[in-house]
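Let me begin by presenting the structure, written as structure tokens, before commenting on it.
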Amino acid sequence: MTDKKNNILVNVETTYLDHESDPARARYLFAYTITITNEGDTPARLLSRYWKITGGDGHEQEVEGDGVVGQHPYLAPTEKFTYTSAAMLDTPVGMMQGHYNMMDDNGSRFAVDIPAFTLAAPQKLH
């Protein structure tokens with residue numbers, strides 16, 4: 001997923017955390033690891049984030065905040081920043097989507113959209 005105008009690439013990998021989930025209590029925990037790469041020519045800093053998390057039942061949560069995992073990564077051209085966070089759902093399948101608000105060294109602010117990605121517990125046969 002790349003923001004074409006500002007050349008910011010966002011890669012997402014998700015993991016179901018079986019040992020921290022409790023399906024009997026409708027508790028499904030997912031980790032997501034995100035790598036943000038500046039593929040452009042201008043350095044940029046991540047200022048804030050916005051997430052919409054949607055469960056399989058249609059229940060939506062919105063999360064907004066300063067930076068990511070307590071940081072405001074500054075990415076020079078070709079630099080990457082990777083972090084891991086988590087999301088709790090009350091269904092075994094859901095999705096997340098959102099955006100990062102960033103600012104380049106020229107003071108221009110821009111949003112990097114993060115298209116929807118799936119959170120899914122693996123199927124278990126009984």
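Positions are given from 1 along the sequence.
Smallest separation of non-hydrogen atoms from Gly40 and Pro77: O-CB, 3.2 Å. Residues Met96 and Ile53 share a closest heavy-atom pair of CG-CG1, 3.8 Å. Minimum heavy-atom separation, Pro115 to Gln97: C-CB, 4.0 Å. The minimum heavy-atom distance between Ala44 and Met102, with the atom names listed, is CB-CE, 4.1 Å. The shortest non-hydrogen separation linking Met88 to Gln61 is O-NE2, 3.2 Å. Here the shortest heavy-atom pairing between Arg49 and Gly67 reads NH1-O, 2.9 Å.
Rounded to the nearest 0.5 angstrom, Tyr100 OH and Ile34 CD1 are separated by 3.0 Å.
Between Phe81 and Leu46 there is no side-chain heavy-atom pair separated by less than 4.5 Å. The shortest side-chain heavy-atom distance between Asn101 and Tyr50 does not fall under the 4.5 Å cut-off.
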With side-chain contact (heavy atoms from CB on, under 4.5 Å) as the test, would you mind laying out the steps for Asp57 and Asp90 before giving the verdict? CA-CA 8 Å; Asp57 59 0; Asp90 54 8; 3.6 Å; yes
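A single hydrophobic cluster is not seen to contain both Val68 and Met103; linkage of ILVMFWY side chains at heavy-atom distances under 4.5 Å, directly or through other members, places them apart. Under the 4.5 Å side-chain heavy-atom criterion for grouping Ile, Leu, Val, Met, Phe, Trp and Tyr, Trp51 is connected to Val10 within one hydrophobic cluster. The hydrophobic clustering, which links ILVMFWY residues whose side-chain heavy atoms are closer than 4.5 Å, places Leu75 and Leu47 apart.
In summary, the side chains of Asn38 and Tyr74 do not present any donor paired with an acceptor at a separation below 3.5 Å, with no hydrogens or angles considered.
Ring orientation note: the planes of Tyr83 and Tyr32 are nearly perpendicular, at an angle over 60° on the 30°/60° scale.
Applying the 6.0 Å contact sphere to CG of Asp41 captures no more than 12 heavy atoms from other residues, nucleotides or ligands.
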